[in-house]
Amino acid sequence: MQVWEPYALGETTRVRAGALELALAGAADATVTQVSDGVWLIDAPGATAAQWRVPCMSVSAFWTPVGGTRWVPPIWSAPLVSRLTAGSPVASLVGMAGANVCTVGLAEPLAQVSFTGGVMEETGEFVFTLHGEGLRIRLDLSERPFSAAVAGVAAWWQEAGDLPPTPDRARLPVYSTWYSMHQDVSAESVESQAKLARELGCETIIVDDGWQTADRARGYAFCGDWEPSPATFPDISGHVARVRELGMAYLLWYALPFVGKHNAAFERFEGRFLRYLDHMDAAVLDPRYPEVRNFLIDRLAQAVETWGMDGLKIDFVDRFATPGGDPAPGAGADCADVDEGVRRLLHDLDARLRRTRPQVLIEHRQPYTSPGLWRYANMIRAVDCPLSSQENRQRTVDLRLTAGPVAVHSDMILWHPDEPAEQVAVHLINALFSVPQISVDLAAQRPDQLAAIRFWLGIFRRHLSTLQRGTLEPEQPEHGYPLVRARDERTTIVARYAPLPVEVPDSGELLVANATPDRRVVLYGTGSAYVEVHDCGGAVVRTTTLVLEPGACVVEVPMGGLLTLRRD
């Protein structure tokens with residue numbers, strides 16, 4: 001039978017990593033080094049492409065950092081693209097029970113790379129194809145959990161540079177104004193919500209779009225000059241000081257690339273645009289021009305230097321990339337690549353902000369998650385998924401595997417005003433392994449809703465080390481992680497999003513958060529333990545000493561509630 005050859009590479013050099021043979025195009029020579037059991041590094045500085053095949057046996061999912069469905073794609077699927085402003089260069093073919101089949105990561109590329117992975121129907125093999133320049137590949141063929149293999153790539157990225165430490169505050173609960181207020185923000189409303197949020201356990205407030213304009217029509221026509229609206233923030237420095245006196249850190253939102261048509265900067269920088277976005281009433285500035293970078297740095301830095309902010313929410317970095325390819329730079333540009341212009345912009349902004357506030361807080365967002373941006377952000381948020389708790393869970397877990405030292409934040413959590421308290425707790429449990437961002441009108445919450453917020457933010461804070469720094473073990477990526485576990489030497493925390501059984505560790509404390517309507521939590525283990533069950537608002541509904549016999553043991557836990565099990 002004639003077999004179709006996908007993505008023919010032309011003349012190649014062939015190298016071996018364990019049982020796999022890799023074809024490298026454009027490589028005069030390559031070095032293969034085994035760094036641990038089942039893990040190889042392939043250094044091919046002259047390579048422009050690489051391809052290899054894996055027998056597609058006992059495969060259940062194909063994991064990529066862009067999220068979405070975990071189906072195993074056919075070979076003719078569109079390639080994934082990773083560059084500084086979008087994506088992360090890693091993917092994993094996952095076997096049954098979450099075992100790693102083949103995880104591949106690339107050292108931070110200097111230019112865009114494309115990655116194609118898919119099933120070759122004629123042979124039943126999964127074909128990996130990379131295109132880029134100067135490839136340095138980390139190939140993990142071990143049989144450990146895929147989550148450990150992906151996290152291993154992130155650890156490898158982290159070895160490449162001395163990164164500033166992530167401030168502790170970046171890992172504490174946040175209140176955001178976006179879903180709760182949208183553009184209808186003012187000094188008075190922000191201060192009111194900040195006070196309530198602080199009492200519930202939040203440590204930071206992020207003021208989103210609307211502070212820079214009195215217009216409430218959405219869109220970005222009034223972005224670009226970045227001065228506070230005198231109608232709603234007449235004394236922004238005094239306002240920030242009042243919020244900070246509550247004990248809250250303050251971050252301000254900027255749509256970094258955009259300059260709207262109703263701003264003085266629009267006329268000033270005409271001819272220095274990458275493109276105009278009709279549906280947004282704004283242009284995208286070209287960061288390859290020094291005057292553009294200097295202007296943006298001055299505008300953003302005043303929030304910290306003059307107004308007293310603790311940091312910035314930097315939005316839409318991915319929009320610097322032009323679909324179909326970036327235009328050629330004009331006269332006056334000091335670099336050819338847009339990504340290089342972005343890198344210079346963020347580097348110089350970071351250096352300036354840290355002169356005033358060494359522990360400045362900077363939030364980025366999916367999809368601009370490249371390890372090349374870790375130096376310039378210590379918070380990374382899941383992309384917008386309002387009221388989709390399952391999507392928030394999947395995206396935050398994905399980010400946790402690849403974010404290295406950066407604190408992972410949920411998308412802003414909101415719910416319908418009439419939502420029962422149990423469902424409020426479910427929204428919070430779906431963000432359990434990230435930093436929760438709350439975005440509802442706290443003044444309008446019922447007492448039972450407030451109790452759920454207070455209880456679960458207390459769990460986030462009390463068990464922060466285990467939840468955010470412990471070993472993360474998500475199960476069944478093909479089903480959106482219906483059970484997720486985090487553990488350290490003393491504590492294991494399990495979130496149960498489907499009626500799945502829970503293994504009880506032989507020692508230490510076990511917490512089980514129940515996000516399902518099924519109250520029957522099935523435990524597997526042996527020995528005796530003290531058990532305490534809380535409802536969604538933290539009230540104790542049961543305490544007992546439980547004797548675990550061989551086989552299954554059932555403990556009832558309300559939806560949105562928590563089971564705590566401590567060994568004698």
Task: From Leu373 atom CG to Thr85 atom OG1, the distance as rounded to the nearest 0.5 Å - done: 8.0 Å
Open item on the list: Using 30° and 60° as the class boundaries, would you call the ring planes of Phe273 and Phe266 parallel, tilted or perpendicular?
Closed with: tilted
Open item on the list: Given the ring of Tyr376, does Arg343 sit roughly above its face, with NZ or CZ under 6.0 Å from the centre of the six-membered ring and within 45° of the axis?
Closed with: no
TODO: Report the residue from Ile314, Val406, Asp318, Thr369 that forms a side-chain contact (heavy atoms from CB on, under 4.5 Å) with His364.
DONE: Ile314
- [ ] Show your working on ring-ring contact (aromatic ring centres under 6.0 Å, His included) between Tyr254 and Trp226 and close with a plain yes or no.
- [x] CA-CA 8 Å; Tyr254 288 86; Trp226 301 119; 5.0 Å; yes
Open item on the list: Is the terminal nitrogen or CZ of Arg272 (NZ for Lys, CZ for Arg) located under 6.0 angstrom from the six-membered ring centre of Tyr289 and within 45° of that ring's axis?
Closed with: yes
Task: Approximate separation, where rounding is to 0.5 Å, of Leu256 CG and Asp315 CG - done: 9.5 Å
TODO: Inspect the contact between Arg288 and Glu340 and indicate whether a charged nitrogen and a carboxylate oxygen are less than 4.0 angstrom apart.
DONE: no
- [ ] Calculate, to the nearest 0.5 Å, the distance between atoms CG and CG belonging to Leu312 and Leu300 respectively.
- [x] 5.5 Å
TODO: Report the residue from Ser147, Ser92, Pro145 that forms a side-chain contact (heavy atoms from CB on, under 4.5 Å) with Asn100.
DONE: Ser92
- [ ] Would you please test Asp298 and Arg352 for salt bridge (charged side-chain N to carboxylate O under 4.0 Å, His left out) and show each step?
- [x] CA-CA 9 Å; Asp298 285 342; Arg352 180 161 166 181; 2.5 Å; yes
Open item on the list: Before we go on, tell me: are the rings of Phe295 and Phe269 under 6.0 Å apart, centre to centre?
Closed with: yes
Open item on the list: Is it true that Arg275 and Thr322 share a donor-acceptor pair across their side chains at a distance under 3.5 Å?
Closed with: yes
Open item on the list: Taking the cut-offs as 6.0 angstrom to the six-membered ring centre and 45 degrees off its axis, would you call Arg393 and Tyr481 a cation-pi pair?
Closed with: no
Open item on the list: With a 6.0 Å cut-off (strictly less than), is the heavy-atom count around CZ of Arg16, excluding the residue itself, greater than 12?
Closed with: yes
- [ ] Please indicate whether Glu143 has more than 12 foreign heavy atoms, meaning atoms of other residues, nucleotides or ligands, lying under 6.0 Å from its CD.
- [x] no
Open item on the list: Applying ring-ring contact (aromatic ring centres under 6.0 Å, His included) to Tyr368 and Phe316, what does each step give before you reach the verdict?
Closed with: CA-CA 8 Å; Tyr368 43 102; Phe316 295 111; 8.4 Å; no
